[in-house]
There are 4 protein chains.
Amino acid sequence: MGGRRSPAQDRSRAMVDRLLQATTRVLAERGYAGLSTNRVAAAAGVSVGSLYRYFDDKDDLVRELRVRSTADILGDLTAAMSAAVALPTRDAIHQVLATLVAALQRHRPLTSALVNEVPLGAQSNVLPEVEQQLAQFTRMFVAVHAPHLAPAEAEARIYLALGVALSTCLRIALEPPAGVDEGRLVDLAADLLHAGLVLP
Amino acid sequence: MGGRRSPAQDRSRAMVDRLLQATTRVLAERGYAGLSTNRVAAAAGVSVGSLYRYFDDKDDLVRELRVRSTADILGDLTAAMSAAVALPTRDAIHQVLATLVAALQRHRPLTSALVNEVPLGAQSNVLPEVEQQLAQFTRMFVAVHAPHLAPAEAEARIYLALGVALSTCLRIALEPPAGVDEGRLVDLAADLLHAGLVLP
Amino acid sequence: MGGRRSPAQDRSRAMVDRLLQATTRVLAERGYAGLSTNRVAAAAGVSVGSLYRYFDDKDDLVRELRVRSTADILGDLTAAMSAAVALPTRDAIHQVLATLVAALQRHRPLTSALVNEVPLGAQSNVLPEVEQQLAQFTRMFVAVHAPHLAPAEAEARIYLALGVALSTCLRIALEPPAGVDEGRLVDLAADLLHAGLVLP
Amino acid sequence: MGGRRSPAQDRSRAMVDRLLQATTRVLAERGYAGLSTNRVAAAAGVSVGSLYRYFDDKDDLVRELRVRSTADILGDLTAAMSAAVALPTRDAIHQVLATLVAALQRHRPLTSALVNEVPLGAQSNVLPEVEQQLAQFTRMFVAVHAPHLAPAEAEARIYLALGVALSTCLRIALEPPAGVDEGRLVDLAADLLHAGLVLP
DNA sequence: TATGAATGAGTTTTCATTCAT
DNA sequence: AATGAATGAAAACTCATTCAT
């Protein structure tokens, strides 16, 4: 952690960053259909050949983009989850949701591009890593706050809650409805999940 | 109603059906990226030229596919909604959700392809017509069963409920978790939405 | 000549005419690039299959069109040439030129389409039959009015005169310049050819 | 003038030349109808993709071909016209005609293809730039050598002479008649134009 | 390492032509 | 005879990927 990097590694990292940023830009401006390796390289001010030195292929590029954006969001989420364990049930949920919405909003252009433009392939959830992390938290959370639930019942509730949490946060972050207060939406969502997860 | 069809119309309809079924098959097997007009024609056992006799272009093909499956799902949904108005609150919600899950499952291969493979462009909701229909129902439903809510509050709940209902049904229909009873999931979802929509 | 036609032959002739007229129309409206057998058939209100009953292929259609339009022009030309033999040299030439210009103008849409849109293939003169007819006349004409010319010299002048006559008439008929009197152009052309053909 | 070229520029120029030469070859062998980008690329021993690196599209390819050969012909023509101003009337005309014929012959395969194979669209003159250049010369020429003509009369003669000159030169260059001396034809044409342009 | 010209399989789409009805 | 649905070869063009420099 916090290790030194050789100049070569730095140059490498810089290149990768440039390319990923260029990918985001192209994705936002031209959509997935307009995303070509040549275009990305040009947008990054780099040759196509270089792109292929740092990424296996086009898929790898997009995959990496997803992973990176996810990582940043995950950071926030993890912190929020750590803080949340000390809070009362509903507040904990609210905290996590609010954090997730904020994180998604912070990455709005990229997230939007990924959600709206990139076909998902086999996996049908947009941000798999985020979902996994969320799942872990939810599981633990249920174990603590709703120990009365039978395992199967707990599983069902977790499964449902995950979907609700993720889709709701995405919706609030990316398509906020006109004339509805965002904070209120997060409040409501927290109430909903609270009810769904821990009520008898 | 019950109109006779000329042989030519039948042939025409048969061709269109064949091509749409082939499209679904190709979509399921090779994904949206692997969906080419030549491939669809081959899968339908028909020449490319014929495909272009019945569809303006590739977009038209996918559009029609969406329209058809949407229409079918909408049919079920509308019926369920009609029946639901007479039921008590929670049962009404349950009825609609169960119907939607069943309809989506019936169109599983296509819906799955649409959700997972087709980049959505600007609109981030799959099946916009279904969402609209659902919105109408929800609005009416709230007006009837939760008249105590202030307009803004009602709006917020409707917005949230819609996202939850749609994403949950899609999730249950397309990615049912191993070892969790599907019926129980719909039950839980109904409870959740009931709580979210009408509780004070 | 002037023979009776069976009903079948009439129907046949009517079909051919319809198709050729449709071809002219399509050629004028869509250009040669937009000339497709299907389009011609549609424009004629006839099935493609029928087109192929009356014409071997697309080329045959266009070829026939050329032949027909030529035939009409040839009729005029022959008459003019017959009358011209009795006239003094320059007047004879003038008569023929004026007749040709008038005939080309009468068929303006078709001629224009043929000249501007249809690639000529191997033969590089637009209206080969017209040229042949004209050549015959010119040859005879030179024999009568310029018997003093050596055979090789006569050949050279005829060759030149033909080109001049044809291209000039086409130009006057199809691209008349703004602000220049057409009659004057024909006059000048007649003078030119007169000088070129018979002067020592 | 005598500028050095980088290897890259040379390669680029070499590629463009190869492709244009291949285009000429295909045009000569298979006609305009048989001119496809794939065929041109194959004839050039190059991939289609490369063709599209150097030309925007098929039109661009043909356009460039026209531009190049036109430029070459124009070069000769301009030189001849410069030299011609010092000559007596008939000799000036002869010089220009002879030069044009020679230039057209030098580009025979291409010119032939353009004249015989490429449908001309709206403009019915092949080589519009050549015609323009010729027009400029003729106008000046008439102003100098036939100042006695009224403006309208001058216009008419210029219009006619242009058509005659161009069509005659094309004819001599592309379809020289068997057994007739080419030089004699140019002589005759010069006489003809001389008479037509400056005689009272 | 970086470059970017070159590749060519693959995509969408058209249209002359055929043939079962 | 007439129809027009069906065909499929071929056209224009794109783009992920490679490799010589």
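Order of the sequence lines sets the chain letters (A, B, ...), proteins ahead of strands, with each chain counted from 1.
- Here the nucleotide nearest the side chain of B:Tyr52, chosen from E:dT14, F:dA12, F:dA2, is E:dT14.
- Among the heavy atoms of the strands lying under 4.0 Å from B:Ser36 are primed sugar atoms or P, OP1, OP2 only; no base atom is included.
- The minimum heavy-atom distance between B:Gly34 and B:Val26, with the atom names listed, is O-CG1, 3.8 Å.
- For E:dA20, the paired base is F:dT3 (Watson-Crick or G-U wobble, both distances below 3.5 Å).
- In terms of position on DNA chain F, the residue among A:Gly49 and B:Leu51 whose nearest nucleotide sits closer to the 5' end is B:Leu51.
- Across F:dA12, F:dA5, E:dT3, the shortest atom-to-atom separation from the side chain of C:Val48 is found for F:dA5.
- A straight line from CG of D:Leu61 to C1' of F:dA12 spans 12 Å, rounded to a whole angstrom.
- Residue D:Asn38 is classed as a base contact, given a heavy-atom separation below 4.0 Å to a base.
- By the 6.0 Å contact criterion, CZ on D:Arg25 is enclosed, its count of non-hydrogen atoms from other residues, nucleotides or ligands being greater than 12.
- In this structure, D:Asp57 and B:Ser47 both approach DNA chain F, and ranking their closest nucleotides by distance from the 5' end singles out B:Ser47.
- The side chain of A:Met15 lies closest to E:dA2, out of E:dA2, E:dT13, E:dT11.
- In this structure, B:Leu35 reaches the sugar-phosphate backbone alone: every heavy-atom distance under 4.0 Å involves primed, P, OP1 or OP2 atoms, never a base.
- Here D:Ser50 does not reach the OP1 or OP2 of E:dA5: none of its side-chain N or O atoms lies under 4.0 Å away.
- The side chain of A:Tyr54 lies closest to E:dA2, out of F:dT14, E:dA2, F:dA5.
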